[in-house]
Amino acid sequence: MDVWFDVARNLEARLNEAAADLGWDRDVFEPAVRTADPRFGDFQANGVLPYAKRNKQNPRALAEQLVENLGEKKALAAGIDVSIAGPGFINFKLTPTYLLNWLRQFDSEAHLQRDAGKRFAGRTWVVDYGSPNTAKQMHVGHLRTIIVGESICRLLEFCGAKVIRDNHLGDWGTQFGIILYGYKHFLDPEALARDPLEEFERLYKAANARCKEDPAALEEARAELVRLQQGDPDAVAIWEKVNQLSVQSLKEIYERLDVHYDHYLGESFYRDKVDTVYRELTEIGLAEESEGALVVFHPEHPRFATQPFIIRKRDGASNYATTDLATMLYRVEHFDADGIIIVTDSRQNDHFEQLWLTTRKWFEATGRRLPEFQHVTFGTILGEDGKAIKTRSGDPIRLKALLDEAVERAFAIVTEKNPDLPEEKRREIAERVGIGAVVYADLSQNRTSDYIFSWQKLLSFEGNTAPYLLYACVRIASILRKLPAEQDTPPENASAFETAEEIALARKLAAFPAALDQAVTTLRPHFISLYLYELAGAFSSFYNADRVIVDDPAVRARRLLLCRRTLMVLQTGLHLLTIRPLDQM
RNA sequence: GCGCCAGUAGCUCAGGUGGAUAGAGCAGCGGUCUUCUAAACCGCGGGUCGGGGGUUCGAAUCCCUCCUGGCGUGCCA
C-alpha cells in the first residue's frame, strides 16, 4: 500500500480534483483541510460548508457528492476512512493498517527529509541572526535571535533550501571611540588574557564614566573614533584586536549552543560599500537632503511620507540604514539569495519596513532581481514584574551565566536521580539537559509574544520542557538496550495497532509533516515544540499502558516499531530545535 | 497625536489563514514503582477568551469601538 508523506496536502489536492470533476467553481471552493480533533479523525475538510452557503445548496448533499467522487475515482489512497459529520464536515481517519504502512515507509530522518526537501529545493536563503555588538558580553536578550534564527535555518534546510548563516556583527559603531580611549588608558593585560569580553566591558564602562566627567577625555574619545574611521594604523590595530578577541569569545557560546555561522560579515564589512548606496539612491531620485541629512521618504505611505529613513547623518557618517541597504545588495549579488531573513526583536519593525520599501524601489529602478524578504520578529524581554528587564545593578543577565547555572542545576538533578553514573558522564548529560532546557524554554513559546524572563521557567526541568522530551528518548533507548538480540523483530512481522495508546501514538507520528509544514510556513519553531511535546506525551502514555518486550512476536514487533519511530521523530524534531538528544540521563 | 504588538484558568502560556464540548504546564487535591529509567503515568477541581457592538449557519480567531499594558515614531542599533 502506498502512503502519503503529507496526508493533509494530498487530501487537499484530491478534494480539488474531485471538485473540478463535479464542475464546482474552483475559484470559490477551498477544501480547508485541517488537523482534526482525534475524536473525529486525523484530518477534516471544512470547505464544503461555505461553498454550499454561497451557492445556496444543502451542504450535506454536496459533501456526499464530493466524497462519492473521491471513492469512484479511487483517488483516495486505500486505508483512509472517510465520513461526513454534522452539517457537512468531511472527516478522514487513517486506519491502523495505513498507520502501520506509514511507519514502515518513513523509517529514517533521511527518508522524512527526502519528501520534506521538495519544498524549497534549489532555493538559497541568507539568514541574518545573532548579530551582537562586539566588545560586549551577550546577555539573555541575545538568546532569542540566536535560537530562533538557528532553528529557522534548520527548518529551511530540512525543507531543501540552501541556507547561508550570516552573523551581522555590530562591529563599527560610535562606541569604538570610547573603547579605544579605554583601551589606551585603562587596559589590564592579565584581565584581557583571562576574559576579553569582561575586560572590554570594564574598559567601556570606565572610559564612559571618565568621558562624562571630563570634557577632555570625551574630546579624546571622539578623536579616537575619527582616527579609526580615517584608517589610522594604530587605532585600526586595536579595533581589529578587539573584534578578533570578541568573535573568539562569542564562538565559545555558539559552540555550546551548537550554532555555527558561515560568515561573520559585520557592519564594518560594508563600510566601503556605502558610497554606492548614496550615489544610486540619489541618482534615481529616491534619496533627498533634509535637515542636513540624506533621507528617503515614501510619499505613498501614511507614516513614512514624513518619517524619514535616514541613510546619511548630518555629520556625513553612515548609520545602520546605510549598511543594511548595502547588505541587501551584497546578499543578492554575492550570495545570489532568493530570500533574506533577518531575525531581530520587534522594536525594529519600522526600520525594516522602511528598509524593505526602500530596497524594493531601489532594485526596481536599477533593474535588479528582488529577493523575498522576511523580517522575523520576536517580543521584548521583560522582567518578572512585566517591565523591561534589569537587575538591581542595572546590568542585564549574562547569557554565559544563565547557561552555567542551567548546567549546574541539571548536574545536581542527574546526580540525585542517577548517582551510579561516573561523574564525567553526569557532566556530559548535565550540559545537554541544562542547555536544552534553556533553548526549549525559548522555542516553546510563540516568538512574537513578549518574553518574560524567569529563572524558574528557563531552568525548569518539569512539564513541557526539554528534559521531558529527552526523557522519552532515554526510555526508548533503554528498551532497545535491554532488548535481547534474538527477541528483536523486524517491522514486517508487526500486526496492526490495537490498543488505544498504540493507535494514538501512531497517529501522532504520522502528524509530523503537518507540524513541520506549520512551522516552516510561519517560521515559528514553537509548532515543532508543541508537536514534540504531544508526541512525547503519547509515547509516555503508551509506555505506561503497554509493555514493549512481550512474548507475542507480532505484538512485540509493532511496539518496537512504534518505539523506533518515536525515537527517530523525536531526534529529528529536537535537531530542528537545536537540542542534542541523549540515550541516558 | 500616529503606528505596531499584546490582554485566554491563581501563575506561565498554546490555540488566532473562522469550525464540532477553548487546551497544556506549574501550583492544589487523590491514586500508580517485586515487571522496559516515577525527570514519568492516571484522575479531580478550576474560564464573562480585557469590555461593548457587528459580520456569519458557526467567532478566542475577522471588522468597528473603547479600556489597559509594552514598544516605536530624524541623526543608537
Side-chain angles (χ1 to χ4, degrees), chain A residues 30 32 34 36-37 39-40 44 46-47 49-50 52-53 59 85-89 91 131-133 168 170 173-175 267 290-295 302-304 306-315 317 319-321 323-324 344-351 353 377 379-380 382 384 386-388 410 413-414 416-418 433 437 441 444-446 448-450 452 454 456-457 460-468 470-472 474-483 501 521-522 526-527 529-530 533-534 536-537 539-550 559 563 584-585:
Chain A
E30 173 65 46
R34 312 266 185 266
D37 186 313
R39 284 170 304 191
F40 306 123
Q44 59 177 301
N46 302 334
L49 277 84
K53 180 71 187 172
F89 301 113
N91 290 327
S131 310
N133 287 332
H168 195 74
T174 44
Q175 78 271 25
E267 286 164 358
S290 170
E291 297 179 26
L294 190 63
V295 309
R303 261 175 316 127
F304 303 142
T306 53
Q307 182 181 321
F309 191 49
I310 299 171
I311 63 170
R312 191 175 60 204
K313 298 192 283 186
R314 194 164 36 196
D315 64 5
N319 64 2
Y320 81 138
T323 48
D324 278 359
T344 79
D345 73 79
S346 55
R347 286 179 299 192
Q348 299 185 48
N349 280 352
D350 275 5
H351 168 75
E353 203 180 332
T377 63
T380 315
L382 306 173
E384 307 215 26
K387 296 186 175 164
I413 295 174
V414 184
E416 177 202 323
K417 305 267 181 191
N418 228 334
V433 171
S444 60
Q445 59 186 320
N446 189 337
T448 49
S449 311
D450 278 349
I452 293 181
S454 145
Q456 199 199 342
K457 179 158 190 173
S460 171
F461 298 139
E462 274 184 3
N464 183 9
T465 62
Y468 180 75
L470 293 172
Y471 188 61
V474 162
R475 296 219 276 202
I476 297 170
S478 179
I479 291 171
L480 296 177
R481 264 199 308 272
K482 292 196 170 157
L483 175 72
E501 287 80 8
T521 301
T522 57
H526 81 283
F527 285 118
S529 311
L530 191 64
Y533 179 58
E534 287 169 0
F539 173 77
S540 295
S541 300
F542 159 76
Y543 178 92
N544 274 275
D546 299 328
R547 231 186 132 63
V548 176
I549 304 176
V550 290
R559 291 185 181 167
C563 286
Q584 214 178 353
M585 66 189 266

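Chain letters run A, B, ... following the sequence lines, proteins first and then strands; every chain starts at 1. Side chains included, hydrogens not; waters and symmetry mates left out as well; all remaining heavy atoms used.
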My understanding is that only residues two or more places apart in sequence, or in another chain, count here; which of them pass side-chain hydrogen bond (donor to acceptor under 3.5 Å, both in side chains) with [X]?
X	answer
Asn319(A)	Thr322(A)
Asn46(A)	none
Glu501(A)	none
Arg559(A)	Glu502(A)

Could you pull out the protein-nucleic contacts involving nucleotides 75-77 of chain B (nitrogen or oxygen on both sides, under 3.5 Å)?
from, atom 1, to, atom 2, distance (Å)
C75(B), O2, Arg314(A), N, 2.9
C75(B), N4, Glu291(A), O, 2.8
C76(B), OP2, Lys313(A), NZ, 2.8
A77(B), OP2, Tyr320(A), N, 3.4
A77(B), O3', Glu267(A), OE2, 2.4
A77(B), N7, Tyr320(A), OH, 3.2
A77(B), N6, Tyr320(A), OH, 2.9

Partners of Arg547(A) by salt bridge (charged side-chain N to carboxylate O under 4.0 Å, His left out), sequence neighbours excluded?
none

Return the set of residues passing salt bridge (charged side-chain N to carboxylate O under 4.0 Å, His left out) with Arg39(A) (not counting sequence neighbours), or none when no residue passes.
Asp37(A)

Chi-based syn or anti call at C33(B), which uses purine or pyrimidine torsion atoms and a 90° bound
syn

[atom1] atoms of [N] and [M], separation to the nearest Å:
N	M	atom1	result
G45(B)	G10(B)	P	16 Å
C49(B)	A9(B)	P	10 Å
C41(B)	G7(B)	P	28 Å

So what does [X] touch, heavy atoms closer than 4.0 Å: a base, only the sugar-phosphate, or nothing?
X	value
Phe527(A)	sugar-phosphate
Arg475(A)	sugar-phosphate
Ser540(A)	sugar-phosphate
Gln584(A)	base
Ile549(A)	base

Value in whole Å for how far the C1' atom of A40(B) lies from CG of Leu470(A)
14 Å

Whole-Å distance, Phe461(A) CZ to U12(B) P, equals 21 Å

Partners meeting side chain to side chain contact (heavy atoms under 4.5 Å, CB included) with [X] (sequence neighbours left out):
X	result
Tyr533(A)	Tyr440(A), Asn464(A), Tyr468(A)
Thr323(A)	Glu267(A), Tyr270(A), Val274(A), Tyr320(A)
Pro50(A)	none

Give me the stems containing RNA chain B, sorted by first residue, counting only three or more consecutive Watson-Crick or G-U pairs with both distances under 3.5 Å; say none if there aren't any.
B:1-7 with B:67-73, B:10-13 with B:23-26, B:28-32 with B:40-44, B:50-54 with B:62-66

Given protein heavy atoms under 4.0 Å, the one-letter contact record of nucleotides 18-26 of chain B, with B base, S sugar-phosphate only and - none, is simply SBBB--SS-

Does a side-chain N or O of [X] approach OP1 or OP2 of [N] to a distance below 4.0 Å, or not?
X	N	answer
Lys457(A)	U12(B)	no
Tyr543(A)	U32(B)	no
Asn446(A)	C13(B)	no

